Amino acid sequence: MKRQESSSRLRTSITLAQREERLAYLLLGPPVLLIAGLILFPVAWNGWLAFHSVKLLSLRQTSWWELDATWDNFIQVFSHPDFWPALRTTLVYTLSSTLLTIALGLMAALLVHDRFPGRGVVRSFFLLPYVAPVVAIAFAWRFILDPRGILMTALINTGILDQPLNVLSQSPWAMFSLVAFEGWRFFPFGFLFIVARLQAIPDNLYEAAKIDGATPFQRFFYITLPQLKLVLATLFLLRFMWTFNEFDDVFLVTKGTGGTRVLTMKVYDFLIGEFNVGAGAAMALVLFAVLAALLTVYFRWYRRLEAEAD
Amino acid sequence: MSEQIENRVIGLLRIIGVIFFLGVAVFPFYWMLLASLQPLIQTLQNPTQLWPTQIDFSAYVKVWTQFKFGRFFRNSAYLAMLTMALTVAFSTLAAYAIARLRFRGRSFMSRVILLIYMFPAIVIATPMYALYTKLGLRNNLNGLLLVYLAQTLPVGIYMLHSYFKTLPPDLEEAGLMDGCSRLGVIWRVTLPLSAPAIASVSLYTFMIAWNEFLFAFLFLDSPNSFTLSRGMMQIANNVNVSQQLTMAAAVIATLPVILIFLVFERHLIKGLTSGGVKG
């Protein structure tokens, strides 16, 4: 209401509120322009590309605003023999990686929760996998898991295996390796969230339980775990979303071989393998739609959980 | 009695657990360093040997000069530092506007910013690739810089805006009363109070830009504009390159970010704890 009064043709003296608003737009301008140009526009343009037959080579000649849409790209995506297997692979990969990440993060957090000498250093080292460049650690893992590498040699020397396994490109080992890599790389993320939540649990809950004679394991299951429910659910949501969209790790660790060809690899196959921009865009759109559908279901359950916690 | 036994079992399990987790977390880094430092023949002949019998720095020299990692290092540093500086500058101002100033669309902005951060890179990759090809911006470090900024600004704005909201507005108001301009208040009052938050945003955005793989890999074609991530792909795909060289390259890419992390982490925890005591 105030704003309407002030804008009533008093042009000579701008009110304080107007000045504040102008300053706000000025401060927000550069980031908003960048984000609009390099995220929102590409997402919108992806929608356009998905409905047009665009190849990389013809891209420069393609008009930006052509209107005759086609379903060809989606037909290509869905009729591709790899599509349904890739969708299944993506779900297996995403679900197992997410669960492993959270389980390891929870274990690491419980280990470091109580004070002990060197705790700060241990905590820093736990975070290393998460901060290192993915390319560098992916290649280290590839060499470690190589049939002639340290792990296979050690397994043969100790008599556990007779023959080296190709755990990077043989099904189902490739998926195990990939999930292990994800668990290793992202457990620190869960660890950070869970440690912060653990510290917020009031001590008197534990003391009361101790007086009542609860054992440490009982205290974990009846106090700690219920208190962590919400943060675990949030972690699941975030990790699920990001793993579903993960491309780098799959591309670098197993290269999509041995039954690890996920949907994001299909985007890359269309775009770089076949220079088929339209099909790549359609694939990305399908990926996004599947994820959105899964998240909608999850959110229903999550809201209920949140309401319970309040 | 049983409580005591259980406690002792848990204490033992904890020690074993900590050692196990430490070993697993650190081992790939240790192996990377080992394989880069010992002559290749030893890695191949005796893969399970965990201590080098001979140290050989030649791989580092070769990677740095012959494979141009010196150049890639400079490119990565340029991109990461500029991304960090511009993200901190722009997102401080924008986050301040969202947290403190009244304008139309404010509540919309504060809600939408996190959503944008959630947009997955792979969904943007195809249109960005097409867009940059059409505009002729591929193979250009500054083109890549813009992409990185678009990725880091939403995070930066989100983190700083939630931090600014926790600061008491009284101090800023006092500054305004004393005749300071808004920008003066941001510079003299808000920024000094936000040092810990700004440190964490800096660290985070530096890390994102330094480690970024997908866009560097898709966009950069000529070795002069390679970043370390892109350069590593080149070296690994070269059949004539040994494990030793690849791991030397990996160490060059990893070491700076780990060093920065270890230094900053102390500052971060210090900042957070002292802020907590005062708060």
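Keep in mind it's a predicted model, so treat the numbers as computed, not measured.
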_Side chain proximity check, Gln151(B) to Leu38(A), heavy atoms < 4.5 angstrom_ = no
*asked:* Quick check for you: among Leu26(A), Leu27(A), Thr153(A), Leu127(A), which has the greatest number of heavy-atom pairs under 4.5 Å with chain B?
replied: Leu27(A)
*Which is it for Asp114(A) and Arg14(B) under the side chain to side chain contact (heavy atoms under 4.5 Å, CB included) test, yes or no, and what are the steps along the way?*
CA-CA 10 Å; Asp114(A) 291 326; Arg14(B) 166 166 295 137; 3.2 Å; yes
*asked:* Less than 4.5 Å to any heavy atom of chain A: does that hold for the side chain of Met232(B), its backbone, both, or neither?
replied: both
*Residue pair Ala150(B) / Ile39(A): nearest heavy atoms and the distance that separates them*: O-CD1, 3.2 Å
*Answer with side chain, backbone, both or neither: which region of Pro30(A) has an atom nearer than 4.5 Å to a non-hydrogen atom of chain B?*
side chain
*Ile124(B) and Asn46(A): side chain to side chain contact (heavy atoms under 4.5 Å, CB included), yes or no, with the steps?*
CA-CA 8 Å; Ile124(B) 309 167; Asn46(A) 188 71; over 6 Å; no
_Using the ring centroid of each side chain, check whether Tyr132(B) and Trp45(A) are separated by less than 6.0 Å._
no
_Region of Ile260(B) in contact with chain A, defined by heavy-atom distances below 4.5 Å_ = neither
*Give the minimum heavy-atom separation between Leu28(A) and Phe103(B), together with the two atoms involved.*
CD1-CZ, 3.3 Å
*asked:* Taking the ring of Phe21(B) and the ring of Phe125(A), is the distance between their centroids below 6.0 Å?
replied: no
_Rounded distance [0.5 Å steps], CD1 in Ile35(A) versus CZ in Phe90(B)_ = 11.5 Å
_Euclidean distance, Arg142(A) CZ relative to Gln243(B) CD, rounded to 0.5 Å_ = 11.0 Å
*Where Ala132(A) and Val257(B) come nearest, the two heavy atoms and their spacing*: CA-CG1, 4.3 Å
*Max heavy-atom pair count under 4.5 Å with chain B, selected residue of Pro42(A), Ala284(A), Ala154(A)*: Pro42(A)
*Counting only heavy atoms not in Arg119(A), do more than 12 sit closer than 6.0 Å to its CZ atom?*
yes
*Using non-hydrogen atoms only, which part of Leu44(B) is less than 4.5 Å away from chain A: side chain, backbone, both, or neither?*
neither
*Rounded to the nearest 0.5 Å, what separation is found between the CD atom of Gln49(B) and the CD1 atom of Ile150(A)?*
10.0 Å
*Give the minimum heavy-atom separation between Asn211(B) and Val134(A), together with the two atoms involved.*
O-CG1, 4.4 Å
*Under a 4.5 Å heavy-atom cut-off, does chain B meet the side chain of Leu111(A), its backbone, both or neither?*
both
_Under 4.5 Å from any heavy atom of chain A, what part of Phe20(B) do you find: side chain, backbone, both or neither?_
neither
*Which bit of Leu50(B) comes within less than 4.5 Å of chain A, counting heavy atoms only: side chain, backbone, both or neither?*
side chain
_side chain to side chain contact (heavy atoms under 4.5 Å, CB included) for Leu214(B) and Phe251(A)? Distances and angles first, verdict last._
CA-CA 10 Å; Leu214(B) 180 61; Phe251(A) 179 73; over 6 Å; no
*Considering only heavy atoms and a distance below 4.5 Å, find which of Trp184(A), Phe288(A), Phe139(A), Phe116(A) pairs most often with chain B.*
Trp184(A)
*For the candidates Leu151(A), Ile272(A), Val112(A), Leu291(A), which exhibits the highest count of non-hydrogen atom pairs separated by less than 4.5 Å from chain B?*
Ile272(A)
*If you count heavy-atom pairs under 4.5 Å between each of Ala125(B), Ala250(B), Ala25(B), Ala249(B) and chain A, which one has the most?*
Ala25(B)
*Are any of the side-chain nitrogens in Glu20(A) or Arg100(B) under 4.0 Å away from the carboxylate oxygens of its partner?*
no
*Could you tell me which portion of Ile98(B) (side chain, backbone, both or neither) has an atom closer than 4.5 angstrom to a non-hydrogen atom of chain A?*
side chain
*Quick one: which of Gly280(A), Ala281(A), Ser124(A) has the most heavy-atom pairs under 4.5 Å with chain B, could you say?*
Ser124(A)
*Does any heavy atom of chain A fall under 4.5 Å from the side chain of Leu146(B), the backbone, both, or neither of them?*
both
*Give a yes or no on whether the ring-centroid distance for Phe247(A) and Phe213(B) is below 6.0 angstrom.*
no
_Contact check, side chains of Phe29(B) and Ile137(A), non-hydrogen atoms, under 4.5 Å_ = yes
*asked:* So for Asn157(A), is it side chain, backbone, both, or neither that comes closer than 4.5 Å to the heavy atoms of chain B?
replied: side chain
_Neighbour count >12 (heavy atoms, 6.0 Å) for atom CZ, Phe299(A)_ = no
*asked:* As an exercise: rank Val32(A), Leu285(A), Leu104(A) by heavy-atom pairs under 4.5 Å with chain B and give me the winner.
replied: Leu104(A)
_Exercise: identify the closest heavy-atom pair between Trp141(A) and Pro28(B)_ = NE1-CG, 3.6 Å
_Asn245(A) to Ile122(B) - nearest heavy-atom pair and separation_ = O-CG2, 3.6 Å
*Gap between atom CZ of Phe126(A) and atom CG of Leu22(B) - 0.5 Å precision*: 5.0 Å
*Could you tell me which portion of Leu183(B) (side chain, backbone, both or neither) has an atom closer than 4.5 angstrom to a non-hydrogen atom of chain A?*
side chain
*Go through the atoms of Val131(A) and report whether side chain, backbone, both or neither lie under 4.5 Å from a heavy atom of chain B.*
both
*Any side-chain heavy-atom pair from Asp248(A) and Phe217(B) closer than 4.5 angstrom?*
no
*Are the charged groups of Arg104(B) and Glu21(A) less than 4.0 angstrom apart, N to O?*
yes
*Considering only heavy atoms and a distance below 4.5 Å, find which of Leu13(B), Val24(B), Ile208(B), Leu86(B) pairs most often with chain A.*
Val24(B)
*Check each atom of Tyr25(A) against the heavy atoms of chain B and say whether the ones under 4.5 Å are side chain, backbone, both or neither.*
side chain
*asked:* At a 4.5 Å cut-off on heavy atoms, which part of Thr246(B) comes close to chain A: side chain, backbone, both, or neither?
replied: side chain
